[in-house]
Amino acid sequence: MQKLQEIAVSLAVDYLLPPIKKAVNSVMEVPKDAADMNDKLDGIQAMIHDADKMAAAEEGNSRDGLKAKVKQLVETSFCMEDIVDEYIIHEERQLADDPGCASLPCKAVDFVKTTASRLQFAYMNQDVKSEFHGIKEGNKSEDCSQIQSSGGNQNITFDNLRMAPLFLKEAEVVGFDSPRDTLERWLKEGREKLTVVSVVGMGGSGKTTLAKKVFDKVQTHFTRHVWITVSQSYTIEGLLLKFLEAEKGKDSSQSVYSTMDKASLIHEVRNHLSCNRYVVVFDDVWNENFWEEMKFALVDVENGSRIIITTRHREVAESCRTSSLVQVHELQPLTDDKSFELFCKTAFRSELDGHCPHNLKGISTEIVKKCEGLPLAIVATGGLLSRKSRDAREWQRFSENLSSELGKHPKLTPVTKILGLSYYDLPYHLKPCFLYFGIYPEDYEVECGRLILQWVAEGFVKSDEAAQTLEEVAEKYLNELIQRSLVQVSSFTWSGKIKRCRVHDVVREMIREKNQDLSFCHSASERGNLSRSGMIRRLTIASGSNNLTGSVESSNIRSLHVFSDEELSESLVKSMPTKYRLLRVLQFAGAPMDDFPRIESLGDLSFLRYLSFRRSSIVHLPKLIGELHNLETLDLRETYVRVMPREIYKLKKLRHLLRDFEGFEMDGGIGDLTSLQTLRRVNISHNTEEVVKGLEKLTQLRVLGLTQVEPRFKSFLCSLINKMQHLEKLYITASHSGNMDLHFDVFAPVLQKVRLMGRLKKFPNWVAKLQNLVTLSLSFTELTHDPLPLLKDLPNLTHLSILLHAYISEVLQFPNRGFPNLKQILLADCFPLKSIVIEDGAFAFSRKAQVIQDSRTDRGASWY
């Protein structure tokens with residue numbers, strides 16, 4: 001018997017204990033491995049970037065192989081993210097169940113479950129770590145810098161498109177008459193000090209074409225004139241050498257200059273320029289530091305010398321202001337007429353003398369419209385169609401498939417390739433933000449505020465500065481994409497801030513292709529089997545896509561956007577928490593949904609950061625919304641939700657609660673939402689004292705909207721506003737009865753925007769003391785005393801609106817030396833206004849003060 005026991009112990013030591021010990025060690029290492037895996041994600045993103053950039057430069061089998069590698073890297077990174085997120089969810093649930101006794105005997109079952117789950121994570125982790133190690137070793141064996149492009153004919157087309165602007169005849173240039181005249185004037189006239197004239201625009205917009213035509217025309221006005229192409233890869237020494245050899249007309253490899261160091265080259269260039277009036281063109285500049293490196297060679301002897309820079313990046317142009325005068329011309333798309341003219345010159349050049357045949361005019365107009373005034377797209381498309389028969393049906397088929405043709409036709413893919421250079425120039429943190437525009441339908445104008453909140457929810461935005469919110473950092477990201485000419489501003493707010501933006505259709509096609517390569521997002525409206533698309537990270541459900549989503553069972557989805565005017569099936573909505581439990585963003589944009597179905601598993605969406613029911617007709621919020629503990633944004637604009645369930649006060653991380661028109665009814669529990677930055681709008685006539693006391697706890701608020709404000713709330717409002725030291729925007733709407741009394745002392749150091757709506761006893765004195773006030777809007781205030789004398793000294797006020805019976809006297813007077821920075825005044829429905837007086841010296845320091853008068857106000861109102 002003893003012998004048998006010894007044998008059993010020996011077997012246990014040799015065969016059972018090692019795997020058990022290994023499993024125990026794996027379980028203990030899970031927290032460390034999860035953190036380590038999170039750190040490794042940055043490294044794998046760098047690998048994805050390098051491999052993706054290499055694939056873009058290749059063609060044929062080589063490109064396909066690199067694309068397959070990119071796919072492998074992407075899916076490995078997805079697995080790593082999934083493991084980390086699943087682990088976080090599991091640990092948070094254990095903490096929520098019982099933060100103090102997860103391993104006590106009373107929790108024995110839970111402890112076993114926890115250990116088993118961690119063991120499962122450990123084994124998943126081992127698999128992914130092995131895969132990551134294999135990829136990393138494989139990557140080391142490849143020297144990316146040694147891979148040469150083998151694009152063949154496609155690269156010839158690419159090079160031809162980039163070089164063509166340098167050799168165009170005058171008659172072939174279309175649509176640049178006005179900007180050419182402007183640039184010529186800047187180059188020939190103006191101050192004697194060295195001036196940099198920058199042409200800024202997106203890839204393919206004609207910057208080089210315009211600069212070359214102007215350069216050729218003004219050369220006789222300068223004794224020295226040099227053209228230098230910079231591009232993305234350059235050295236200052238190389239550019240200086242190009243300059244000197246262009247002057248001498250020799251091969252740089254045979255030159256005495258080729259052995260000089262940087263300082264000597266700068267000295268030589270300065271010698272060449274010092275006694276001359278010169279014009280130098282630096283074409284295709286990408287680097288913001290370019291001017292800082294080059295400026296020492298460009299001597300300024302104040303004789304009217306000029307520099308021309310073409311760039312896609314506005315910051316490159318602005319960087320020159322450190323040591324020279326700067327003029328910036330932002331190149332606009334061609335008009336419809338000029339676009340059509342350019343197309344015809346390209347498509348019908350060899351026949352018909354560049355005139356469109358009658359049977360193709362309609363379809364040609366349609367094709368040109370899709371190019372949206374981008375010369376590169378127009379020329380490439382016209383060149384391709386010049387080889388096709390003049391059959392209207394064939395051209396119609398081409399028009400219907402133009403987007404896909406841009407991605408696959410050898411004569412058109414160089415268009416997206418040229419635009420793709422801007423994408424590859426982006427830093428890592430801006431790439432996902434840019435690709436996110438592919439989420440939205442074609443021709444969709446994206447509201448900037450919404451986009452910023454979604455970027456934050458997706459985890460794209462990082463901030464190392466405690467003084468900046470993530471939303472402020474995200475706004476900088478958006479501005480940088482605009483400065484880089486990748487994103488277009490489509491509309492502004494009345495106060496001049498960017499309201500909506502979009503991407504050019506050709507740029508959108510580039511985004512669609514990148515999103516497909518990187519599995520970044522997919523549209524359920526696109527043809528093809530979604531289940532064959534590999535891992536899907538973000539999904540857009542377009543109109544009529546209810547059935548298509550049935551084929552998407554992936555739990556990998558992080559973002560789900562519904563752009564549908566059809567009612568979503570209840571079964572689809574109910575299945576979302578179980579199908580897509582790692583969702584961060586859930587957006588219902590205009591989906592006809594009277595009520596959100598009762599979903600028992602709603603709490604499974606514990607990673608959800610952004611939830612929008614905007615324009616969805618929803619009336620009630622489910623009580624289970626309180627289980628979305630990580631929710632940061634809840635958008636209820638243009639819905640019928642009036643009353644907040646008490647469960648919403650559990651959302652401790654909620655940062656933005658959005659509402660318009662009538663306000664929410666809430667109670668004192670609102671004070672628990674201490675992370676709130678935006679709260680629009682709250683009805684404070686309901687549970688007034690309780691609500692105001694709760695609001696006073698929300699010291700992080702940046703935006704606050706209050707409705708149904710009554711005269712009796714004066715002391716509450718005074719106390720509330722004085723406690724909001726981060727408040728930037730304040731909206732106050734009076735109740736339908738009584739006059740608001742807002743006459744009290746307020747200290748609001750960062751308040752920039754104030755909107756007052758409803759009858760006032762008198763104009764609030766504290767508004768005139770807001771030194772950082774930028775925008776003021778008054779409506780229905782029924783003021784009888786002119787408020788302008790009180791406002792005239794506000795140093796930062798740029799936009800003022802007096803609307804809808806805001807002022808009900810006969811004379812409105814802008815005082816002498818008042819409103820130093822006012823840019824725009826909007827007057828509408830100001831009865832019985834009879835005269836508007838602008839004294840001498842008013843707006844004296846404003847570059848531009850635009851007074852916009854509504855036609856209804858104009859009746860009988862005279863100007864003095």
Side-chain angles (χ1 to χ4, degrees), residues 427-430 432-434 436 446-483 487 493 495-501 559 584-585 587 607-612 614 628-637 648 651-659 670-682 694-706 720-731 747-755 770-775 796:
Y428 292 149
H429 67 274
L430 288 183
C433 298
F434 175 60
Y436 212 75
V446 186
E447 187 181 324
C448 298
R450 178 200 303 184
L451 189 66
I452 283 169
L453 295 179
Q454 289 172 353
W455 287 352
V456 171
E458 291 274 7
F460 298 158
V461 184
K462 312 293 181 188
S463 177
D464 297 326
E465 299 180 36
Q468 281 192 317
T469 65
L470 291 175
E471 291 78 7
E472 289 168 341
V473 176
E475 189 172 358
K476 288 185 177 180
Y477 287 7
L478 178 58
N479 284 328
E480 186 167 353
L481 289 173
I482 293 168
Q483 297 288 336
V487 173
T493 64
S495 60
K497 291 196 70 175
I498 299 170
K499 185 177 183 180
R500 289 187 175 85
C501 56
S559 180
R584 288 175 173 266
V585 174
Q587 175 175 221
F607 254 53
L608 195 65
R609 264 69 169 169
Y610 179 100
L611 177 60
S612 174
R614 190 173 183 180
L628 304 177
H629 300 296
N630 284 305
L631 195 65
E632 295 173 350
T633 297
L634 178 58
D635 191 346
L636 296 169
R637 287 174 289 183
I648 200 167
L651 306 180
K652 308 299 184 185
K653 296 183 181 180
L654 192 65
R655 297 155 70 90
H656 308 281
L657 181 54
L658 307 176
R659 182 76 174 88
I670 194 172
D672 294 336
L673 303 178
T674 53
S675 296
L676 271 181
Q677 294 180 19
T678 306
L679 180 58
R680 293 186 58 182
R681 308 183 177 189
V682 180
L695 289 173
E696 288 179 348
K697 298 177 184 178
L698 308 183
T699 56
Q700 296 304 309
L701 275 179
R702 266 71 174 170
V703 181
L704 175 63
L706 304 173
L720 178 62
I721 297 171
N722 276 297
K723 289 182 178 178
M724 301 288 174
Q725 293 301 294
H726 297 291
L727 199 62
E728 297 172 3
K729 299 178 183 179
L730 177 63
Y731 306 90
F747 178 69
V750 296
L751 195 56
Q752 298 175 26
K753 183 175 183 179
V754 173
R755 181 184 297 168
L770 298 174
Q771 296 300 297
N772 289 302
L773 189 66
V774 174
T775 302
N796 293 299

* Under 3.5 Å side-chain donor-acceptor pair for E458 and S559 -> yes

* Asked: Backbone N or O of F747 within a donor-acceptor pair of the N722 side chain at under 3.5 Å?
  -> yes

* To do: Output, in order, the C-alpha distance, side-chain angles, deciding distance and verdict of side chain to side chain contact (heavy atoms under 4.5 Å, CB included) for L634 and L636.
  => CA-CA 6 Å; L634 178 58; L636 296 169; 4.1 Å; yes

* For D635 and R637, indicate whether the former's side chain and the latter's backbone hold a donor-acceptor pair under 3.5 Å. => yes

* Can you name the closest pair of heavy atoms from Y610 and L631 and give their distance? -> N-CD1, 3.9 Å

* **Check: V461 and I452 side chains under 4.5 Å, non-hydrogen atoms** => no

* R584 and E632 ion-paired at < 4.0 Å -> no

* **Donor-acceptor side-chain pairing of H656 and T678 below 3.5 angstrom** => yes

* To do: For the pair K723 and E696, find out whether any cationic side-chain nitrogen is under 4.0 Å from an anionic carboxylate oxygen.
  => yes

* To do: Answer whether the closest heavy-atom distance between the side chains of V473 and V456 falls below 4.5 Å.
  => no

* **Min side-chain heavy-atom separation T775-V754 under 4.5 Å** => no

* Got a salt bridge between E471 and R655, using NZ or NE/NH1/NH2 to carboxylate O under 4.0 Å? -> yes

* Asked: Do the two ring centres, one from H429 and one from F460, sit under 6.0 Å apart?
  -> no

* Using a 4.5 Å cut-off on heavy atoms from C-beta on, say whether the side chain of C448 contacts that of L478. => yes

* Asked: Taking S675 for the side chain and K652 for the main chain, is one N or O donor matched with an acceptor at less than 3.5 Å?
  -> yes

* To do: Would you check if the side chain of N630 reaches a backbone N or O of K653 as a donor-acceptor pair within less than 3.5 Å?
  => no

* **Validation row: L676, L657 side chains within 4.5 angstrom (heavy atoms)** => yes

* Decide whether R614 and Q587 meet the rule of one side-chain donor and one side-chain acceptor closer than 3.5 Å. => no

* Which atoms form the tightest heavy-atom contact between Q725 and P749, and what is the distance? -> OE1-CD, 3.4 Å

* **Sequence-distant partners of Y731, ring-ring contact (aromatic ring centres under 6.0 Å, His included), two or more places apart** => none

* Sub-3.5 Å donor-acceptor pair from the side chain of E472 to the main-chain atoms of T469, do we have one? -> yes

* Is the closest side-chain heavy-atom distance between L701 and H726 below 4.5 Å? -> no

* Between N479, V487, T493, which is the residue that forms a side chain to side chain contact (heavy atoms under 4.5 Å, CB included) with I498? -> N479

